[in-house]
Amino acid sequence: MARGNLVGFVGNFSRPSKSFALVEAVANLAEERYGLTPRLHDLTSVGPSLGTARSYKDLDETGRQVVQDIIAADALIVGTPTYKGSYTGLFKHLIDLIDPLALQGKPVILTATGGGERHALIVEHQLRPLFGFFMAHTLPSAVYAADRDFADYRLVSDPIRSRVEQAVAELGAFFPSAQLAVAAE
């Protein structure tokens, strides 16, 4: 029985992608642990109207549905590859189309990927302030993974898996009854 919905949004067009694989790993563990129903999107899911949209109403039906999924989520996982020390431009553009109060109080797990450790602070210096503006509840543990943490677009690093487990454990504060129900099954 579904106990809530979890939306993952990845600021990437590439398929497959390490960023998507990381968000998917977090979502799969949250589904297993709390019975949440995950729905994952990336920039390709939004569709071609994103690039020309000046407001939410300018998105086509597909793009509006992705935004509605994000807003209606009981919890979010956001992820982005690191481009020039920050999140991708179209990731930010989509977030800019969301009403500033729409994510207030929503739990958010922050994730990012990059070529190496040099960009690890993207989650703290870029993503956390962005979702802080929306008054979302960013969870204390964010997850950053470098290229070496993946093999064939699968997360293979035990330290990063531990970090994923830590972030998902923090999500439990928002779903205590789901945690008990899943444990009883």
Side-chain angles (χ1 to χ4, degrees), residues 3-45 69-70 73-92 94-95 103 106-132 134 136-175 178-179 182-183:
R3 292 166 184 89
N5 68 66
L6 175 69
V7 172
F9 180 70
V10 183
N12 197 347
F13 277 111
S14 300
R15 288 187 182 173
S17 85
K18 294 172 188 137
S19 300
F20 194 94
L22 180 57
V23 167
E24 186 174 42
V26 175
N28 288 343
L29 184 58
E31 178 182 23
E32 175 186 310
R33 195 167 285 176
Y34 308 116
L36 301 174
T37 302
R39 175 173 277 167
L40 305 179
H41 299 289
D42 60 13
L43 290 172
T44 301
S45 305
D69 285 351
I70 291 169
D74 296 309
L76 289 174
I77 306 163
V78 296
T80 183
T82 306
Y83 286 131
K84 307 214 189 292
S86 189
Y87 37 71
T88 62
L90 284 175
F91 171 87
K92 176 67 163 68
L94 180 83
I95 299 301
L103 304 179
K106 192 175 302 289
V108 180
I109 296 176
L110 304 173
T111 73
T113 59
E117 297 306 314
R118 148 182 169 161
H119 294 298
L121 287 175
I122 181 177
V123 292
E124 299 303 328
H125 292 246
Q126 303 293 322
L127 292 173
R128 198 171 299 280
L130 175 62
F131 287 91
F134 284 91
H137 186 90
T138 57
L139 298 183
S141 295
V143 184
Y144 175 83
D147 285 349
R148 71 172 178 277
D149 298 318
F150 297 89
D152 296 321
Y153 299 99
R154 288 179 312 125
L155 184 61
V156 295
S157 167
D158 287 335
I160 301 302
R161 283 189 187 138
S162 293
R163 190 75 174 169
V164 166
E165 288 177 16
Q166 183 177 340
V168 171
E170 292 165 2
L171 191 59
F174 295 89
F175 301 98
Q179 196 170 14
V182 171

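For reference, positions follow the sequence shown, starting with 1. Since the model is a prediction, treat every value here as computed from it, not as a measurement.
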Pair Thr80-Ile122, side-chain contact (heavy atoms from CB on, under 4.5 Å): steps then yes or no: CA-CA 9 Å; Thr80 183; Ile122 181 177; 4.0 Å; yes

Side-chain contact test, heavy atoms from C-beta onward, threshold under 4.5 Å: evaluate it for Leu171 versus Pro107 and give yes or no. yes

Check whether any side-chain N or O of Lys92 sits under 3.5 Å from a backbone N or O of Tyr87 as a donor-acceptor pair, and report yes or no. no

Whether over 12 other heavy atoms sit under 6.0 Å from Arg154 CZ: no

Residues which pass side-chain contact (heavy atoms from CB on, under 4.5 Å) with Arg128, listed by chain and number, not counting sequence neighbours: Leu110, Glu124, Thr138, Ala142

Kindly give the heavy-atom pair with the smallest separation between Thr82 and Gly114, and that separation in Å. OG1-CA, 4.2 Å

Heavy atoms of Glu165 and Arg33 approach each other most closely as O-NH1, 3.5 Å

Heavy-atom check, side chain of Asp42 versus side chain of Phe13, under 4.5 Å: no

Measure across Phe150 and Tyr153 and return the closest heavy-atom pair with its distance rounded to 0.1 Å. CD2-C, 4.5 Å

Distance, nearest 0.5 Å, that separates CZ of Arg15 from OG of Ser17: 9.0 Å

Can you name the nearest heavy-atom pair linking Val123 to Ala112, along with the distance? CG1-CB, 3.8 Å

Show, in sequence, the C-alpha distance, side-chain angles and deciding distance for Thr37 and Leu6, and conclude whether the side-chain contact (heavy atoms from CB on, under 4.5 Å) test is met. CA-CA 6 Å; Thr37 302; Leu6 175 69; over 6 Å; no

Check whether any side-chain heavy atom of Leu139 sits under 4.5 Å from a side-chain heavy atom of Ser141, and report yes or no. no

State the CZ-CG distance between Arg39 and Asp69, to the nearest 0.5 angstrom. 4.5 Å

Can you tell if the side chain of Val168 reaches within under 4.5 Å of the side chain of Tyr34, non-hydrogen atoms only? yes

Contact summary for Ala73 and Asn5, nearest pair of heavy atoms: CA-OD1, 2.8 Å

Atom of Glu117, atom of Ala146 and distance for their closest heavy-atom approach: OE2-CB, 3.8 Å

Atom CG of Asp74 and atom NZ of Lys106: how far apart are they, to the nearest 0.5 Å? 7.0 Å

Any non-hydrogen side-chain atom of Pro81 less than 4.5 Å from a side-chain atom of His119? no

Does the ring center of Phe174 lie less than 6.0 Å from the ring center of His137? yes

Would you give the length of the straight line joining atom CZ of Arg163 to atom CG of Asp149, rounded to the nearest 0.5 angstrom? 12.5 Å

Would you compute the distance between atom CG of Leu103 and atom CG of Leu76 and round it to the nearest 0.5 angstrom? 6.0 Å

With the side chain counted from C-beta on, respond yes when Leu43 and Val10 share a heavy-atom pair under 4.5 Å apart, and no when they do not. no

Can you list, pair by pair, the side-chain donor-acceptor contacts under 3.5 Å of residues 20-28, counting residues two or more places apart and other chains?
residue, atom, partner, partner atom, Å
Asn28, ND2, Glu24, O, 3.4

Would you mind reporting whether Tyr83 and Asn12 have side-chain heavy atoms less than 4.5 Å apart? yes

Report, as yes or no, whether the 6.0 Å neighbourhood of atom CG on Asp152 holds more than 12 heavy atoms from other residues, nucleotides or ligands. no

Under the 3.5 angstrom rule, does the side chain of Ser157 hit a backbone N or O of Ile160 as a donor-acceptor pair? yes

Rounded to the nearest 0.5 Å, how far apart are CD1 of Ile77 and CG of Leu36? 8.5 Å

Is any side-chain heavy atom of Ser19 closer than 4.5 Å to a side-chain heavy atom of Thr111? no

